[in-house]
Amino acid sequence: MAASPEQPGPAGLLPLLDGAPEEVAPRLLGAVLRHGEVALRLTEVEAYAGEDDPGSHAYRGPTPRTEVMFGPAGRLYTYFSYGMHVCANVVVGHEGRAAAVLLRAGEVVEGHDVARARRPRSSERDLTRGPARLCQALAITLEHGGSDLVAGPVTLEPGPAPEHWESGPRVGLRGAPERPWRFWLPGEPSVSTYRPAAARPAPSTGPGGRR
DNA sequence: CCGCTGATATTCT
DNA sequence: GAATATCAGCGGG
């Protein structure tokens, strides 16, 4: 067979994760995250770096919690938020330098009824909108932290490179300089983007502009 | 649709 | 002890 630059399925993931987090993040839009019967197409992500990023968990160097962020690319970094919620990131870049992409929202493309059963009181709109809701719908827990996204059980398969995407400030951060490191696919009917907590002075827009 | 508020455990100072 | 990469539930338009 002819040598193909990109392998299909989860095996083609690693080349995509090589680079700065804000470069890798938009590439992941449209990729399919799968766990068991449920699969979703990523529609919103957020980039986080390490030492030079005050908004990152890894800003002050490695800790027991953030150790995975300093490891090799392609692993899942999960953390417990606000005493209640689990959120998931894909570790990117190179070992020794912390970087990750937070998975903020997606569109369910498989196992819709299973996802619904896990979030019975949720509206269709809120089924997988938001990082903690996304993890709940896919049954991703803290135990999946450090697991390999190529080997599974949670996998990420690259999709076609998105033609259009938008960017803006990250959500929920305080005390960090605003960087337009949130990326999303515009025009998703069932999965709209999270709004910033406060009005932005200058919401940096991607090609096409915000709203 | 919008805005507000309480809940709750881990993490680091 | 303070802060937190959040969400559900409530009220009003």
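Below, chain A is the first sequence line, B the second, and so on; all start at residue 1.
Rounded to a whole Å, the CG atom of Asp126(A) is 14 Å from the C1' atom of dC2(B). Nucleotide dT6(C) holds its P atom 15 Å from the CG atom of Leu142(A), rounded to whole Å. As a whole-Å value, the separation of Arg170(A) CZ from dA5(C) P is 10 Å. What separates NE2 of His85(A) from C1' of dA9(B) is a distance of 11 Å, to the nearest Å. Atom-to-atom, OH of Tyr79(A) to C1' of dT11(B) comes out at 13 Å; the value is rounded to the nearest Å. Between the CG atom of Leu173(A) and the P atom of dA3(C) there is a distance of 16 Å, rounded to whole Å. In this structure, Glu44(A) atom CD and dT6(C) atom C1' are separated by 13 Å, rounded to whole Å. For the pair Glu143(A) CD and dT10(B) P, the computed distance is 14 Å after rounding to whole Å.
Between Glu124(A) and Arg116(A) there is a salt bridge, with a side-chain nitrogen of the basic residue lying less than 4.0 Å from a carboxylate oxygen of the acidic one. Taking 4.0 Å as the cut-off between side-chain N and carboxylate O, Glu22(A) and Arg179(A) do not count as a salt-bridged pair. The residues Arg129(A) and Asp126(A) are annotated as salt-bridged, a charged nitrogen and a carboxylate oxygen being separated by less than 4.0 angstrom.
Tested against Leu138(A), the residues Val108(A), Leu40(A), Leu103(A) include a single side chain to side chain contact (heavy atoms under 4.5 Å, CB included) partner, Leu40(A).
Taking a pair to require two hydrogen-bonding distances under 3.5 Å in either a Watson-Crick or a G-U wobble arrangement, dC4(B) pairs with dG9(C). Nucleotide dG1(C) forms a Watson-Crick or G-U wobble pair with dC12(B), both donor-acceptor distances falling under 3.5 Å.
Among the nucleotides dA8(C), dT6(C), dA7(B), the one closest to the side chain of Arg119(A) is dA8(C). Considering only the side chain of Arg125(A), dC1(B) comes nearest among dA5(C), dC1(B), dT10(B). Distance from the side chain of Val171(A) is smallest for dT6(C) among the nucleotides dG9(C), dA5(C), dT6(C). In this structure, of dA5(C), dC7(C), dT8(B), it is dC7(C) that holds the atom nearest to the side chain of Pro131(A).
Between Arg170(A) and Tyr48(A) the shortest heavy-atom distance is NH1-CD2, 3.3 Å.
Contacts between residues 56-76 of chain A and DNA chain C, defined by a heavy-atom separation below 4.0 Å, involve His57(A), Met69(A), listed by number.
Applying the 4.0 Å criterion to OP1 and OP2 of dA8(C), one finds that Arg133(A) has a side-chain N or O inside that range. Proximity of Arg104(A) to the phosphate of dT6(C): a side-chain N or O atom is located under 4.0 Å from OP1 or OP2.
Remark: Arg27(A) is not positioned above the aromatic ring of Phe183(A), lacking an NZ or CZ atom under 6.0 angstrom from the ring centre and at most 45 degrees off the axis.
Remark: the Tyr82(A) side chain and the dA9(B) base include no donor-acceptor N/O pair separated by less than 3.5 Å.
A donor-acceptor pair under 3.5 Å is absent between the side-chain atoms of Thr43(A) and the main chain of Leu185(A), judged by distance alone.
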